[in-house]
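I have placed the structure first, in the form of structure tokens, so that the comments after it can refer back to it.
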Amino acid sequence: MREVRIRDTMSGELRSLDPGREVGIYACGPTVYSRVHIGNARPFVIFSLLARFLKSEGYETRLAINVTDINDKIYAAAAEAGVGSATLAAEMTAAYFEDTGRLGLGRPDAEPLASETIDAIVELIATLVEDGHAYESGGDVYFSVRSFDGYGKLSHRPTEEMEQGEDDSGSLKRDRLDFALWKGRKEGEDSSWDSPWGPGRPGWHIECSAMAEAELGELPFAIHGGGSDLVFPHHENEIAQSEAARGRPLAKIWMHNGMIETDAAKMSKSEGNIFQLSEALDRFGPEAVVSYLISGHYRQPLAFGAEQLNEAVARVDRLRNFLRSRDDTGQDLERADRSGTGADGAGTGLAATSVAAGALSEFRDALADDFNTPRAMSIAFDLVRRANQEEVPGAGAALAEMLELVGLGSLAAAGDDDGPPAEALELLGQREAARAERDFARADRIRDRLDELGWEVRDSADGASLVPRPGR
RNA sequence: GGCGCCUUGGCGGAGUGGCUACGCAGCGGCCUGCAAAGCCGUUUACACCGGUUCGACUCCGGUAGGCGCCUCCA
């Protein structure tokens, strides 16, 4: 088990995970008022892979990524579309599950919905009201920001400078800093839940506080994450609510991913410069999308464009080509190492063994160091180049294990898909015959025919073979 | 205006006080019947100006430019 360190937004420092305790991770998922875009996929991928890595290191890990399915935007979008808000939310939630599912990373351990956490939300608000941290006003309930000393400690901004603009009905608030915990039902809203303050619905921030403790248990849990655009006010407000109510910190580490940018501007629905996840998956495939999303450090902004996705496709092809050339990808590394030992005389095996194992170890070290996926991938590519230069026992097994850790394990499983059909194999045999007769014109015609069928011919010292043509 | 972050070779993108990141693209070569795959080489990368240092792309200060949040946003 490695020591895993993560940069904490609140302190700005690297913080180590406690190996003795369960690592609870809560990451803010999307508000489901439209189909998710590439930017929404980034935290899903980062936190899914982080949880996967931690589990592989032996940390007992539980990842919760919520769905916010009650929100002003949902009411607005539903009204515009002429459908019920619950219907729209359910549709978009299903689409979110489908789109992120296609990434091939599995599901988080928990994916709570705000609409299914109402009881816990009401209980949490009631506690805040009882303790004097919140007050009812005209059917709404507001959090009293000045009742909480630590306000602003996450986003590092002085309270005097801020304003909560989310609710512009202003008059109901005692202080402009206050924000809504509960919103009384308003004209035109087609859903509401009962509460001690009358029918209404949760405000934007409270659902995360409630879902996080419901899923991860006693506070503080290890990591709270999400996009950097949530630092203020969303996460600041979560901290205020949870810590005021429970008297304990909400999370030990605050971990934020940078924004995806197009033309150096953040991709966002309001900017209109979005690229939907489903379209990216359609055009470039899940491996390329994942490869793209881990190509930069999670904390930094990441440039987006067709060129970047095409590069990701090329990277993935390189890895796949390499794995196809290996016959040890299905083995575990130790066995692959042993089989390499003594392949050509004693002595050389041991040193060679340490190359693959060493690379895997360095790969894991990079992930343990603030989840540095680009550095990890550079180690993977180093191994690929080296093993293409010379015999490196266990390289295929080591690379397969690396890729599995970052959600690209399917590249090593390529052998599982259907091989070339009989027709293609027949053509390949004909081409070999033509080449033997040095009738290269005919051989090339057959190669073109195979290309049309979607198969690429690769000649090697061991004879010709077929691989699926890229982009097929 | 406030808070925070950033500026690396054609592009994307890591990192370090002194040693080739890595990937993609281009060019040249090797291999190949020709390709593909792969390998090698390649255009002296670190915004600018000062400072600290034996030595800075890496630390400090300033200048210029950019981004994020401060309103819904992953």
Side-chain angles (χ1 to χ4, degrees), chain A residues 9 12 27-31 33 36-47 65 68 71-73 76 152 155-158 160-168 204 225-234 236 256-261 264-271 274 291-292 294-297 299-305 307-322 324-325 366 369 372-382 384-390 434-435 438-441 443-444 447-448 451 456-461 464-465 467 469-470:
Chain A
T9 304
C28 287
T31 299
Y33 63 95
V36 294
H37 57 71
I38 280 270
N40 296 299
R42 193 177 194 187
F44 183 90
V45 169
I46 293 298
F47 290 102
I65 301 181
T68 295
N71 180 279
D72 288 354
K73 291 239 169 192
S155 56
H156 310 108
R157 53 190 86 205
E160 295 315 312
E161 309 255 341
M162 3 174 163
E163 191 162 356
Q164 299 277 351
E166 193 212 346
D167 190 286
D168 55 346
W204 175 35
S228 61
D229 53 352
L230 296 181
V231 172
F232 186 90
H234 186 56
E236 195 72 72
H256 292 101
N257 63 272
M259 299 292 101
I260 303 262
E261 301 182 336
K266 170 187 167 184
M267 179 182 293
S268 73
K269 293 170 187 172
S270 49
E271 289 286 328
I274 63 168
S291 172
Y292 163 70
I294 63 171
S295 69
H297 185 89
R299 193 162 249 281
Q300 299 305 133
L302 186 61
F304 175 84
E307 189 181 347
Q308 277 69 238
L309 268 298
N310 282 325
E311 281 184 17
V313 170
R315 270 198 301 275
V316 159
D317 283 343
R318 177 164 166 80
L319 296 169
R320 194 187 277 118
N321 281 333
F322 175 75
R324 279 196 182 118
S325 74
D369 182 13
N372 195 326
T373 53
R375 202 172 89 209
M377 289 311 291
S378 80
I379 291 158
F381 280 107
D382 268 336
V384 168
R385 177 162 32 76
R386 183 148 181 184
N388 275 326
Q389 290 168 320
E390 62 190 41
R435 291 181 72 211
R438 303 195 66 79
D439 183 352
F440 297 121
D444 289 350
R447 184 165 62 195
D448 290 344
D451 184 70
E456 190 173 278
V457 177
R458 296 226 171 126
D459 294 331
S460 77
S465 60
V467 300
R469 176 161 48 76

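Lettering follows sequence order; numbering is per chain, from 1.
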Mind checking if A:Arg318 touches a base, just sugar-phosphate, or nothing, with heavy atoms under 4.0 Å? sugar-phosphate
When we call it a touch if two heavy atoms are under 4.0 Å apart, what does A:Asn372 touch: a base, just sugar-phosphate, or nothing? sugar-phosphate
Of all the choices, B:rA14, B:rG12, B:rA36, which nucleotide is nearest to the side chain of A:Arg375 once you look at every atom? B:rA14
A:Asp229 side chain: which of B:rC69, B:rC22, B:rG13 is closest? B:rC69
Classify the nucleic acid contact of A:Ile260 as base, sugar-phosphate or nothing, counting any heavy atom under 4.0 Å across all strands shown. base
Taking only residues two or more places apart in sequence, or in another chain, which ones meet A:His37 in a ring pair (Phe, Tyr, Trp, His ring centres under 6.0 Å)? none
Apply side-chain hydrogen bond (donor to acceptor under 3.5 Å, both in side chains) to A:Lys266 and list each qualifying residue two or more places apart in sequence or on a separate chain. A:Asp229
Which is true for A:Val231 with a 4.0 Å heavy-atom rule: it touches a base, it touches only sugar-phosphate, or it touches nothing? nothing
Pick base, sugar-phosphate or nothing for A:Asp459, based on heavy-atom distances below 4.0 Å to the nucleic acid. base
Looking at the side chain of A:Asp382, which of B:rA36, B:rG38, B:rC22 is the nearest nucleotide? B:rC22
Could you tell me which residues satisfy side-chain hydrogen bond (donor to acceptor under 3.5 Å, both in side chains) with A:Asp451, sequence neighbours excluded, listed by chain and number? A:Arg469
For A:Asp444, check side-chain contact (heavy atoms from CB on, under 4.5 Å) against everything at least two apart and list the hits. A:Arg447
Taking the side chain of A:His297 as heavy atoms from C-beta outward, which of B:rC22, B:rC70, B:rA14 is closest to it? B:rA14
For A:Gly225, answer base if it contacts any base atom (sugar-phosphate contacts may also be present), sugar-phosphate if it contacts only those atoms, and nothing otherwise; contact means non-hydrogen atoms under 4.0 Å. nothing
Under 4.0 Å, counting only non-hydrogen atoms across every strand here, what does A:Arg315 touch: a base, just sugar-phosphate, or nothing? sugar-phosphate
Could you list the residues that satisfy ring pair (Phe, Tyr, Trp, His ring centres under 6.0 Å) with A:His234, not counting sequence neighbours? A:Trp204, A:His205
Quick check for you: among B:rC34, B:rC6, B:rG2, whose closest atom lies nearest to any side-chain atom of A:Gln300? B:rC6
Considering every strand and a 4.0 Å limit on heavy-atom distances, what is the contact class for A:Pro30: base, sugar-phosphate, or nothing? sugar-phosphate
Examine the base of B:rA36 for any acceptor or donor lying under 3.5 Å from a partner atom in the side chain of A:Arg447, and report the outcome as yes or no. no
Output the rounded distance in Å from CZ (A:Arg299) to C1' (B:rG13). 17 Å
Closest to the A:Asn388 side chain: B:rC24, B:rC39, B:rA74? B:rC39
With heavy atoms under 4.0 Å as the rule, sort A:Ser295 into base, sugar-phosphate or nothing. sugar-phosphate
At under 4.0 Å between heavy atoms, what does A:Gly226 touch on the DNA or RNA strands: base, sugar-phosphate, or nothing? sugar-phosphate
Quick check on B:rC69: is either OP1 or OP2 less than 4.0 Å from any side-chain nitrogen or oxygen of A:Lys266? yes
Just call it for A:His256: base, sugar-phosphate, or nothing, with non-hydrogen atoms closer than 4.0 Å on any strand. nothing
In whole angstroms, how far is the C1' atom of B:rG13 from the CG atom of A:Leu302? 9 Å
Secondary-structure stems, RNA chain B, at least 3 Watson-Crick or G-U base pairs under 3.5 Å: B:1-7 with B:64-70, B:10-12 with B:22-24, B:26-30 with B:38-42, B:47-51 with B:59-63
Considering every strand and a 4.0 Å limit on heavy-atom distances, what is the contact class for A:Phe440: base, sugar-phosphate, or nothing? base
What's A:Arg385 touching, base or sugar-phosphate or nothing? Going by heavy atoms closer than 4.0 Å. sugar-phosphate
